[in-house]
Amino acid sequence: MKSRYADENLSWIAPLVLLVIAIPFLIRGVTFSYRYYLYVLNIAGIYTILAVGLDILSGYTGLISLGHAGFFAIGAYTSAVLVDQAGIPFGLSLIITPIITGFFGLVVGFPALRVSGMYLGLTTMGFGFIARRLIIALRAWTEGSAGLEVSNPVLFGFEFASDWANYFLIFTFVVAVVVVARRVMNSKIGRAFMAIRDSERAAEAAGVNLTRYKLLAFFMSAVLAGLAGVLFAHTMRFISTDHFDILLSIYFIIMILVGGVGSIYGAVLGSVFIVLLDFLLIPAFKDWMALFVAIEVADIQSLIFGLIMFLFIIFQPMGLYGVWLKMRIYWKLFPFNPKKRFT
Amino acid sequence: MTETFGGLTQEVVSGIALGCIYALIALGFTLIYKATEVVNFAQGELMMVGAYVNFFFVSALLEVPLLNGVWAFIIALVGAVAFAVLFGAFLDLIINRPLKDEPVFSVIMATISLAIILRAVMAVIAGPMTRIPPSPFGSSVITFGGVAISTLDMFIILSAVVLVMVFYFFFNRTKWGIAMKATSEDPMAAHLVGIPVKKVYRNVWIFSMVVATIGGVLLAPRTLLDTHMGFLGLKAFPAAVLGGFGSIPGAIVGGVIMGVIETVSMGTLSFHFPWVKEINDIIVWIVLIAVLMIRPAGILGHEEVDRV
């Protein structure tokens with residue numbers, strides 16, 4: 001009898017782990033300012049976890065969320081308050097906080113059972129505003145809109161104090177999340193999600209429990225956002241409500257759209273691409289632009305992101321992952337390429 | 001202003017004026033939704049663009065010595081509306097046509113990206129500082145039995161009511177309006193019975209941009225003119241959902257109720273219950289979620305039945 005994993009291809013996990021371990025050493029070998037690049041990669045890793053969660057919700061299940069910054073903020077602030085003010089160890093917070101955020105996901109998921117499409121977008125957008133306002137209102141713990149300083153992560157007596165140490169902490173979770181998410185999306189759960197996305201009625205007729213799976217999608221997505229929030233709070237060491245606004249939610253959606261909606265690798269590619277663009281390319285571009293016009297960095301940033309999102313939606317709806325798939329097919333079939341397949 | 005009077009009536013009156021602004025924005029995306037079923041998240045930014053164009057015209061024309069005040073404002077308004085017509089046709093080309101038959105997720109994100117692009121482009125053109133646009137009415141105030149209302153607010157209420165009535169009449173009585181409704185039901189069938197679908201799409205984007213421009217021109221002197229003005233457009237969504245999304249009278253009903261709720265909670269309720277102060281700027285979203293829980297079709301909307 002075939003074992004459960006016999007026809008699964010798991011050989012990609014080892015190269016992925018090796019690549020993730022090798023990258024910081026490569027960067028340190030190449031450049032002296034490696035700390036900044038690691039900092040950028042850490043942010044990319046945190047956003048990757050969140051983008052994978054958002055992709056499970058929006059890409060696989062087809063439920064729009066314009067308020068994911070709300071879950072991210074709840075995760076970050078909950079962990080900051082639990083660790084610094086309630087004295088819970090970081091390792092425990094890493095388990096408790098995502099579950100708490102997941103329950104917020106269930107609460108937001110209940111409206112999703114009744115409304116869909118644009119109405120769901122508005123509901124989640126409203127949730128984003130409400131979550132942010134709630135954090136400001138609880139100023140006894142969160143110091144309102146002034147921002148909150150957070151302690152370093154301490155795990156098994158080891159304090160992660162530098163970007164170098166944080167890299168390994170964050171990317172352990174990134175690899176785990178990517179592997180688990182890919183496995184889950186290939187399972188019964190993932191297929192139920194995709195059935196709901198393609199046609200709710202057909203899914204229901206085929207025996208998918210809509211209530212359970214929609215709530216599960218919200219729960220999983222919020223758990224990952226909460227995990228990203230914990231890591232963000234403790235590795236950035238300062239959080240402020242200004243950061244978690246509606247534009248951040250849109251930024252996350254740009255990531256999954258650019259990467260390719262409905263694929264885990266797409267979410268990874270998209271978030272790494274957008275963060276690298278944001279932190280490395282735009283600062284260089286800004287100096288060059290400043291020679292010609294007086295312009296603010298935030299404006300260039302939003303202009304470029306808006307244009308990228310717009311062009312991807314219209315010309316390449318499959319995103320970067322779709323480009324990669326097309327390239328792979330092109331090379332596999334090399335001398336026999338019908339032209340019209342690649343339009 | 002009569003802050004010392006400070007009664008509930010005063011708050012309700014200024015709430016109605018604020019609500020009429022929401023109604024103007026909501027009217028803009030209701031028009032597009034009725035004909036194309038595209039939800040335009042960039043409506044607030046279209047309003048911002050219209051307000052800036054009008055501002056540039058006004059400041060250029062006020063320099064001309066021959067024109068006295070009022071004529072400069074009228075010519076500027078005509079110029080801004082002319083720009084709106086061109087810009088609306090352009091938006092139809094770049095947004096509506098490529099996104100026909102795309103899933104709703106892509107359409108929402110495309111209009112959001114349009115909003116981001118417009119805001120950034122306007123910030124590049126107009127610079128980061130906040131402008132104080134001149135108003136043709138100055139700061140004149142009309143008083144009815146102790147309730148003061150500025151002339152500008154009167155004009156806002158008046159134009160919102162007139163525009164809603166005009167478009168209501170247009171959609172229910174005229175040939176073009178019924179053609180638009182037919183197009184929204186089924187573009188292919190509309191095309192087969194001889195309705196020029198492309199023209200319908202272009203016209204509806206033009207109407208929407210013109211309504212947005214009028215809203216922007218009236219709103220700019222009330223608040224100040226900067227590139228973040230478009231965020232107000234987001235608040236018009238709860239107003240439209242409350243009234244019933246896709247219903248033209250619903251736009252003004254929902255807008256006015258939402259405007260009154262907002263100003264009353266900011267004034268009297270915050271004064272008597274301190275905790276209300278915390279939720280002032282999110283009260284519209286709380287109302288939205290409550291409406292979606294109780295009656296998703298809104299006050300004047302119809303329950304949609306989809307076919308399998």
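Both backbone and side-chain heavy atoms feed into the values below; hydrogens, waters and symmetry mates do not. Protein chains get the first letters and strands the later ones, always in sequence-line order, with residue 1 at the start of each.
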Those residues of residues 309-318 of chain A that come under 4.5 Å of chain B on a heavy-atom basis, listed by number, are A/Met309, A/Phe310, A/Ile313, A/Ile314
**ring pair (Phe, Tyr, Trp, His ring centres under 6.0 Å) assessment of A/Phe218 paired with A/Phe110** = CA-CA 9 Å; A/Phe218 262 100; A/Phe110 273 111; 9.9 Å; no
Which bit of [X] is near chain B, if near means a heavy-atom gap under 4.5 Å: side chain, backbone, both or neither?
| X | answer |
| --- | --- |
| A/Ile304 | neither |
| A/Ser58 | side chain |
| A/Leu307 | both |
| A/Arg197 | neither |
| A/Leu247 | side chain |

If you tally heavy-atom pairs under 4.5 Å between each of B/Ala115, B/Ala120, B/Ser113 and chain A, the highest tally belongs to B/Ser113
Ranking B/Ile286, B/Leu118, B/Ile116, B/Ile95 by heavy-atom pairs under 4.5 Å to chain A gives rank one to B/Ile116
If you take the centroid of each ring, where Trp contributes its six-membered ring, are A/Phe127 and A/Phe104 closer together than 6.0 Å?
no
For atom CZ of B/Phe90, decide whether the heavy atoms of other residues, nucleotides or ligands shown that lie under 6.0 angstrom number more than 12. no
Under 4.5 Å to a heavy atom of chain A? For B/Ile117 that would be both
Interatomic distance, CD1@B/Ile282 vs CD1@A/Ile130, rounded to 0.5 Å, equals 5.0 Å
In this structure, CZ of A/Arg201 is separated from CG of A/Leu210 (nearest 0.5 Å) by 10.0 Å
Parallel, tilted or perpendicular: ring planes of B/Tyr52 versus B/Phe55, cut at 30 and 60 degrees | perpendicular
Check your understanding: How are the rings of B/Phe237 and B/Phe245 set relative to one another: parallel (under 30°), tilted (30 to 60°) or perpendicular (over 60°)?
Key -> parallel
Scanning both residues in full, the closest heavy-atom pair of B/Met47 with B/Gly215 reads CG-C, 4.0 Å
A/Arg191 meets the salt bridge (Lys or Arg N to Asp or Glu O under 4.0 Å) criterion, sequence neighbours left out, with none
TODO: Apply ring pair (Phe, Tyr, Trp, His ring centres under 6.0 Å) to the pair B/Tyr33 and B/Phe29, showing each step before the final yes or no.
DONE: CA-CA 6 Å; B/Tyr33 183 76; B/Phe29 52 66; 8.9 Å; no
